Amino acid sequence: MMQGMETTPIAPVRPATKEVHGDMDVILHVGAHLTGVTSLTYYLDRNRRALRNRGLAVWTMTDTRKGLFDGLTLRSGLNGVERRRMRGAGRVRLRCAMYERARVKELLVCDPGMIGGLCGNVATERLYPAAGEKMARMAHAFDGRVSRVLINIRALEDYWAAALAHTVQNGFPVPLQSELDRLVTQPRSWRRVITDIAAAVPDAEFLVAPFERVGEKPDDVVEFAVGGRFDAPTPLRVGVTPQVPHLDALRETLLDRYEDEESLPEGNGRWQPFNAMQVETLRAVYASDLAWLRSGAEGLAYLIEEQTPLRQPSFAGAEPRD
């Protein structure tokens, strides 16, 4: 848990123009996958009561994957999807109204499915290609209550390597060199994802947390999510890091499917499918994304790099530090 130290943001994210619906703010933590979301979900599920006593209600995939978001995350064009989306938005608004009557101050929603799926990223060879459309539907469902959005990002060579390991374990073939080349050169980096989400929820504050900063610190994420309103409970460090399949597990998967295990390199550690030049290219793209965020991200987002949360109710409208 971080110490309760007073800090001021370097610059406001954007003007506070949103009129919050009702008395409860909604904070959306949209992932991304493989950036510490498993640890965060574990932490939130085990600290629900303590967080609720601090005025923060929590929805994780434990809640949203039981039908609460049914229809909201489906792709367009499916038969009957519009009706299911209307019903899904109705369920969300009804639940929010119940929380408001119970005087809940804030609702933190953590589900990376709000911006897309891991398999979809690999199948389309794009990084969350429908993030903007999906987030616009989520914002509509919460009916003006969304005050803050958080996303965790990660070095692209690590993100795509872990994504490929998961999808191979779940039935995808080992990627060809040409497919790896397309992943390296595909036009969507974190900057594009962030820009799309910001456009979909224009009145919400947008925080970006690098995995390298908060990946194993779910209490830090919560304190940043609530703007330092309270100190989050200390997490229990019990094996909650996401398990990315290692090479030995992937070989067993291929053998079970009667596929060639020799398509994988030797060794038993984590699989890095990209060659040195590809890794260098991905690192340069990630460095460019971070530089854009550090420069202010055109007023769209705030990059979390400091060690303590911003200790005021809202980042918007704050005076910049000298």
Side-chain angles (χ1 to χ4, degrees), residues 1-3 5 7 9-11 13 28-44 110 112 115-116 118 121 127-128 131 148-166 183-184 188-195 197-198 205-225 228 232 234-235 237-246 269-274 276 278-297 300-310 315:
M1 181 177 67
M2 296 180 287
Q3 299 298 318
M5 176 177 150
T7 65
I10 294 174
V13 177
L28 300 182
H29 192 296
V30 299
H33 300 88
L34 308 171
T35 62
V37 177
T38 299
S39 296
L40 178 59
T41 299
Y42 183 96
Y43 172 84
L44 292 174
C110 178
I115 60 171
L118 201 59
N121 289 351
L127 191 63
Y128 298 104
R148 188 168 297 152
V149 177
L150 286 87
I151 186 171
N152 292 359
I153 61 176
R154 185 175 186 174
L156 288 167
E157 74 272 15
D158 294 332
Y159 175 85
W160 281 118
L164 290 169
H166 273 288
L183 283 179
V184 171
R188 288 185 66 82
S189 67
W190 294 117
R191 176 174 178 172
R192 291 283 294 274
V193 175
I194 291 164
T195 300
I197 295 173
E205 299 163 343
F206 199 165
L207 305 185
V208 181
F211 171 77
E212 298 81 8
R213 162 68 181 84
V214 300
E216 297 181 359
K217 299 176 181 177
D219 51 333
D220 282 17
V221 175
V222 170
E223 291 185 14
F224 279 109
T234 303
R237 306 292 182 183
V238 228
V240 295
T241 51
Q243 297 300 310
V244 176
H246 283 201
R270 286 198 174 188
W271 178 36
Q272 178 49 268
F274 300 105
Q278 291 168 333
V279 168
E280 184 178 347
T281 301
L282 289 170
R283 285 178 180 171
V285 174
Y286 186 55
S288 176
D289 287 347
L290 291 177
W292 173 72
L293 286 162
R294 289 182 181 121
S295 72
L300 298 177
Y302 180 88
L303 178 65
I304 293 174
E305 293 190 291
E306 63 271 20
Q307 297 301 309
T308 54
L310 310 176
F315 306 128

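Note that the structure is a prediction, hence the values are computed from the model and not measured.
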Inter-residue atom distance [X].[atom1] - [Y].[atom2], 0.5 Å rounding:
| X | Y | atom1 | atom2 | answer |
| --- | --- | --- | --- | --- |
| Leu300 | Leu293 | CG | CG | 9.5 Å |
| Lys217 | Phe211 | NZ | CZ | 11.5 Å |
| Leu183 | Gln278 | CG | CD | 9.0 Å |
| Leu207 | Phe224 | CG | CZ | 8.5 Å |
| Tyr43 | Asp219 | OH | CG | 5.0 Å |
| Thr35 | Ile151 | OG1 | CD1 | 7.5 Å |

Given side chains that start at C-beta, do those of [X] and [Y] come closer than 4.5 Å, heavy atoms only?
| X | Y | result |
| --- | --- | --- |
| Ile304 | Asp220 | no |
| Trp292 | Ile194 | yes |
| Trp271 | Leu164 | yes |
| Leu150 | Cys110 | no |
| Thr281 | Leu156 | no |

So, [X] side chain and [Y] main chain: donor-acceptor pair closer than 3.5 Å or not?
| X | Y | value |
| --- | --- | --- |
| Arg148 | Ala225 | yes |
| Trp190 | Arg154 | yes |
| Arg283 | Glu157 | no |

Exercise for the section: Dump the intermediate steps for side chain to side chain contact (heavy atoms under 4.5 Å, CB included) on Phe274 and Val279, then the final yes or no. Expected result: CA-CA 6 Å; Phe274 300 105; Val279 168; 3.8 Å; yes

Tell me the closest heavy-atom pair linking [X] and [Y], and the distance in Å.
| X | Y | result |
| --- | --- | --- |
| Val37 | Ala32 | CG2-O, 3.1 Å |
| Leu127 | Ser189 | CD2-C, 3.7 Å |
| Arg188 | Ala131 | NH2-CB, 4.4 Å |
| Gly31 | Pro112 | CA-CB, 3.9 Å |
| Ala163 | Leu118 | CB-CD1, 3.8 Å |
| Ala161 | Gln272 | CB-OE1, 3.9 Å |

Practice task
Would you check if there is a donor-acceptor pair between the side chains of Asn121 and Tyr159 at a distance under 3.5 Å?
Solution key: yes

Exercise for the section: With His29 as reference, evaluate Asn152, Leu44, Val149 under the side-chain contact (heavy atoms from CB on, under 4.5 Å) test and give the passing residue. Expected result: Asn152

Practice task
Show your reasoning for whether side chain to side chain contact (heavy atoms under 4.5 Å, CB included) applies to Leu40 and Val222.
Solution key: CA-CA 9 Å; Leu40 178 59; Val222 170; 4.3 Å; yes

Problem - Carboxylate-amine/guanidinium proximity below 4.0 Å for Glu305 and Arg213 - result: no

Problem - Val193/Ile153 under side chain to side chain contact (heavy atoms under 4.5 Å, CB included): CA gap, chis, key distance, verdict - result: CA-CA 10 Å; Val193 175; Ile153 61 176; over 6 Å; no

Problem - Glu212 atom CD, neighbour heavy-atom count above 12 within 6.0 Å - result: yes

